[in-house]
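Because the structure is predicted, anything quoted here is derived from the model rather than measured. Along the sequence shown, residues are numbered consecutively beginning with 1. Counting starts at 1 for both ligands and their atoms, following the listed order.
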Amino acid sequence: MTDAAQSPSSATLPATDADLARAVALLKAGELVAFPTETVYGLGADAANAAAVAKIFAAKGRPADHPVIVHLPCSQAMENWAQDIPALAWELAEYFWPGPLTLILKRQSWVPDAVTGGQDTVGLRVPGHPLALALLRAFAAAGGSGGVAGPSANRFGRISPTAACHVQEELGDRVAMILDGGECPVGIESTIVDLSSGQPRLLRPGHIRPDQLEAVMGVPLALPEHLRNADVPRVSGALAAHYAPRTRLTLVASAALQAEVLRAGGQPMAVYAWSCTAPVGLPEGVAWVSAPATPDAYAHDLYAALRRLDGLGVAQLLIETPPPGSAWSAIHDRLGRAACGAGADKDET
Ligand code: TXA
Ligand code: MG
């Protein structure tokens, strides 16, 4: 844990029992507590307290009609927040929770509009990180609602945080406390499945793949248009800007990468490449950074790498397009959005 007022270097101290107790007290008092999950850090507030949830939107600069995920200590708690829960939800929860899966279900009528964005559904997940689970269990045991609303702990439209120091950079003193659980092992946000209508639908790809979900559900999952064929690159105009660095970001096919770098003739740039090393004669001013070549390691590093590359002060980032295939589809999704939103002034969004 770190107090927001402390220096970023102290953000690396691991949380203690006393930190956990303080985090629970702050949540109960309607304050914001950032916490680690296995995917990315969340910006937590008591999900039953509309005024506390409103603080999340103010801290992030996020539009009020965007719903937030509610984190729960166990699957049984689903019933407090959702109704008409289909058998598929229990099956997925049994198999994948605690873990990086969010289920969209019909909400209980008492759930604050601030959480659901005024929709008749609510997003629920039991996270797999031990510190997140400890926090959620302690919060429920202390007589809390048992639900912690938690979007990713970044400013709206920006890169999600995968370490406590990233939360400190993003939100600083806008958050009462940051619980430090080290680096997030997965590194990209949860897979989101909508079970609120007859047909299960994938809303956001993540670490858990469609084929894994279908194997458990025994029925097909409807995929968003851009994911039907994971090998087809996304049209950037169709993407909402998100997960974006400030520096202009371009995705470049492996075969074109080296030529593209040499063609730019020494313009200050950074390259993030998974398949090849720097070409002979790399112009001065070009930073060549190697990316992992397996999807899990790539996802783990992705946001921290984007943050680091963004901090180099170069004119543009060239990212080598990752390999095709469903194991990479969540990474394609995030990079496509990052490319779409990069270079724009996110302070307005
Ligand atoms: O891995 C994650 O899911 C992380 C960690 C902190 O749990 N959280 C996260 O939250 O990524 P956020 O708010 O950054 O993204 C959640 C997404 C948003 O796009 C939101 O619109 C969608 O989930 N969402 C939440 N509730 C929803 C609902 N009721 N219906 C449709 N979409 C919903
Ligand atoms: Mg987010």
Q: Look at atom 12 (P) of ligand 1 and find which of Pro151, Pro36, Gly150 reaches it with the closest heavy atom.
A: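 The option holding the nearest heavy atom is Pro151.
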Q: Can you tell me which residue and heavy atom of the protein come closest to atom 7 (O) of ligand 1, and the distance to 0.1 Å?
A: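 Here the nearest protein heavy atom works out to His71 NE2, 2.7 Å.
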Q: Provide, to 0.1 Å, the distance between atom 22 (C) of ligand 1 and the closest protein heavy atom, together with that atom's residue and name.
A: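 Heavy-atom neighbour on the protein nearest atom 22 (C) of ligand 1: Ile192 CD1, 4.0 Å.
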Q: In the protein, which heavy atom is nearest to atom 14 (O) of ligand 1, and how far is it?
A: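 Sorting protein heavy atoms by distance from atom 14 (O) of ligand 1 puts Ser152 OG, 2.9 Å first.
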Q: Any ion pair linking Arg107 and Asp113 (charged N to carboxylate O, less than 4.0 Å)?
A: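 Yes, Asp113 and Arg107 are salt-bridged.
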Q: For Val115 versus Ala47, what's the shortest heavy-atom pair and its separation?
A: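 Shortest heavy-atom contact: CG2-O, 3.3 Å.
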Q: Which heavy atom of the protein is the closest neighbour of atom 19 (O) of ligand 1, given with residue, atom name and distance?
A: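 Answer, as residue, atom name and distance: Arg62 NH2, 4.5 Å.
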Q: Mind listing the protein N/O/S atoms less than 2.8 Å away from the Mg ion (ligand 2)? Waters don't count.
A: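 Protein N/O/S atoms under 2.8 Å of the Mg ion (ligand 2): Ser152 OG.
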Q: Below 3.5 angstrom, do we get any N/O pair linking Thr37 and ligand 1?
A: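 No, Thr37 has no N/O under 3.5 Å of an N/O on ligand 1.
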Q: Heavy atom of His66 under 4.0 Å from ligand 1?
A: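 Not so, His66 does not reach ligand 1.
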Q: After noting the C-alpha distance and the side-chain angles of Arg125 and Thr37, does the key distance pass the side-chain hydrogen bond (donor to acceptor under 3.5 Å, both in side chains) rule?
A: CA-CA 11 Å; Arg125 116 173 167 90; Thr37 80; 3.0 Å; yes
Q: Can you tell me the protein heavy atom closest to atom 24 (N) of ligand 1 and the distance?
A: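 Nearest neighbour among protein heavy atoms for atom 24 (N) of ligand 1, to 0.1 Å: Pro67 CG, 3.8 Å.
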Q: Considering only non-hydrogen protein atoms, determine which one is nearest to atom 6 (C) of ligand 1 and report residue, atom name and distance to 0.1 Å.
A: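 For atom 6 (C) of ligand 1, the nearest protein heavy atom comes out as Gly42 CA, 3.6 Å.
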Q: Tell me which protein heavy atom sits closest to atom 28 (C) of ligand 1, plus the residue, atom name and distance to 0.1 Å.
A: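 For atom 28 (C) of ligand 1, the nearest protein heavy atom comes out as Ile104 CD1, 3.6 Å.
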Q: Do you know which of Arg307, Lys60, Arg155 makes side-chain hydrogen bond (donor to acceptor under 3.5 Å, both in side chains) with Glu170?
A: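 Testing Glu170 for a side-chain hydrogen bond (donor to acceptor under 3.5 Å, both in side chains) against Arg307, Lys60, Arg155 leaves exactly one candidate, Arg307.
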Q: Check for a donor-acceptor pair, side chain of Thr321 on one end and backbone N or O of Val252 on the other, with a separation under 3.5 Å.
A: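 Pair found, side chain donor or acceptor close to backbone of Val252.
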Q: List for me each residue that meets side chain to side chain contact (heavy atoms under 4.5 Å, CB included) alongside Asn80, sequence neighbours excluded, and say none if there are none.
A: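 Asn80 satisfies side chain to side chain contact (heavy atoms under 4.5 Å, CB included) with Ala77 once adjacent residues are dropped.
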Q: Specify the protein heavy atom at minimum distance from atom 3 (O) of ligand 1: its residue, its atom name, and the distance to 0.1 Å.
A: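 Residue, atom and distance for the closest contact: Ser190 OG, 2.6 Å.
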Q: Heavy-atom contact under 4.0 Å between Pro100 and ligand 1?
A: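 Judged by the 4.0 Å heavy-atom criterion, Pro100 does not count as contacting ligand 1.
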